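Reading through the structure tokens given below for one structure.
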Amino acid sequence: MTDGILIENDALEMESENTASDDRSELSEEELRKGAEKFEFFWLRPLRYKGEEATIRFCIRGEFSGWKLKDELVESLGLTVGDTVNVEGSVEFGPGLIGDDDRVDIFAEGDAATWLLQTAVDAGGSDGCTFDAVVRFSYVEAPVGGIEGKMVAKASLILERGIRRVNSEGRRPKTKNRITLMSDIISSLA
């Protein structure tokens, strides 16, 4: 219980640091559009834009991965094994150069991971949680899951700094216990 309180307090402190230190709590849609455009350019030509940063709006599509991430993948990104989380999602406000269903991995470690996890908790779940953040574009040689020694070029985002959550709640997790599911069915019949 104490750990949960500690994490929450750290996340709240980091959230206020992120919004207060940058004074970016009022991002303009134009700034987010420019960030999304830069992301789409990176997604299409990652070698040219790797290492650069952008301010984006990101929508999580799914659930997090953590300690099960392959150590070599985390290390290839220059992140800390055991303190890194990952989730898929999409960047909003793009000019439409890439398909709407193009999903990208976002990785976060340390305080950025704490902020990201707490933001998803505050949204009521990860799937659909939408937030503004500063990200760094990463393009590295990374191992392929399940094939020993096979490396591929991997484009992904590294969360540098969370700014704010922009939706009131994410979509609820897909899994429900049987009692809740039965209750939902009975309610819909009434």
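Scope of the values below: all heavy atoms of this structure, side chains included, with no hydrogens, waters or symmetry mates. Since the structure is predicted, the reported quantities are computational estimates derived from the model, not experimental observations.
By the criterion of side-chain heavy atoms lying less than 4.5 angstrom apart, applied directly or through intervening Ile, Leu, Val, Met, Phe, Trp or Tyr residues, M151 is not grouped with L79; the two fall into different hydrophobic clusters. Grouping the Ile, Leu, Val, Met, Phe, Trp and Tyr side chains by contacts below 4.5 angstrom, directly or via other members, places Y139 with L159.
With a 4.5 Å cut-off on side-chain heavy atoms, F107 and V87 do not count as touching. Put simply, the side chain of N86 does not reach to within 4.5 Å of the side chain of F64, judged on heavy atoms. Counting heavy atoms from C-beta on, the side chains of I56 and D132 never come closer than 4.5 Å.
The distance from the SG atom of C59 to the CZ atom of R103 is 9.0 Å, given to the nearest 0.5 Å. Taking CD1 of I60 as the reference point, atom CD of E88 lies at 11.5 Å (rounded to 0.5 Å). Put simply, OG on S156 and CG on L73 are 7.5 Å apart, with the number rounded to the nearest 0.5 Å. How far CD of E109 is from OG1 of T80: 4.0 Å, rounded to the nearest 0.5 Å. Distance CZ/R45 to CG/L47: 9.5 Å, rounded to 0.5 Å. Here the CZ atom belonging to F93 is positioned 11.0 Å from the CD atom belonging to E30, to the nearest 0.5 angstrom.
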Inset, instruction - Decide yes or no on ring-ring contact (aromatic ring centres under 6.0 Å, His included) for F42 and F137, but give the supporting numbers first. - result: CA-CA 7 Å; F42 160 71; F137 301 141; 4.5 Å; yes
Inset, instruction - I would like to know whether S126 and E63 meet side chain to side chain donor-acceptor pair (under 3.5 Å); could you show each step before the answer? - result: CA-CA 6 Å; S126 59; E63 289 79 34; 4.6 Å; no
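Note: W115 and F131 have perpendicular aromatic rings, judged against thresholds of 30 and 60 degrees for the angle between ring planes.
Within the 3.5 Å criterion, the main-chain N or O of T130 finds a donor-acceptor partner in the side chain of N167. With hydrogens and angles disregarded, no donor-acceptor distance shorter than 3.5 Å links the side chain of R164 to the backbone of V166. With hydrogens and angles disregarded, a donor-acceptor distance shorter than 3.5 Å links the side chain of E40 to the backbone of L97.
With respect to the salt-bridge test (charged N to carboxylate O, under 4.0 angstrom), the residues R136 and E53 do not qualify. R33 and E37 are not joined by a salt bridge, as no carboxylate oxygen comes within less than 4.0 angstrom of a charged side-chain nitrogen. Contact check on K154 versus D105 returns a salt bridge, with a Lys/Arg side-chain nitrogen under 4.0 Å from an Asp/Glu carboxylate oxygen.
Closest heavy-atom contact between C129 and A123: SG-CB, 3.8 Å. Closest of all the heavy-atom pairs between S76 and P143 is OG-CD, 4.3 Å.
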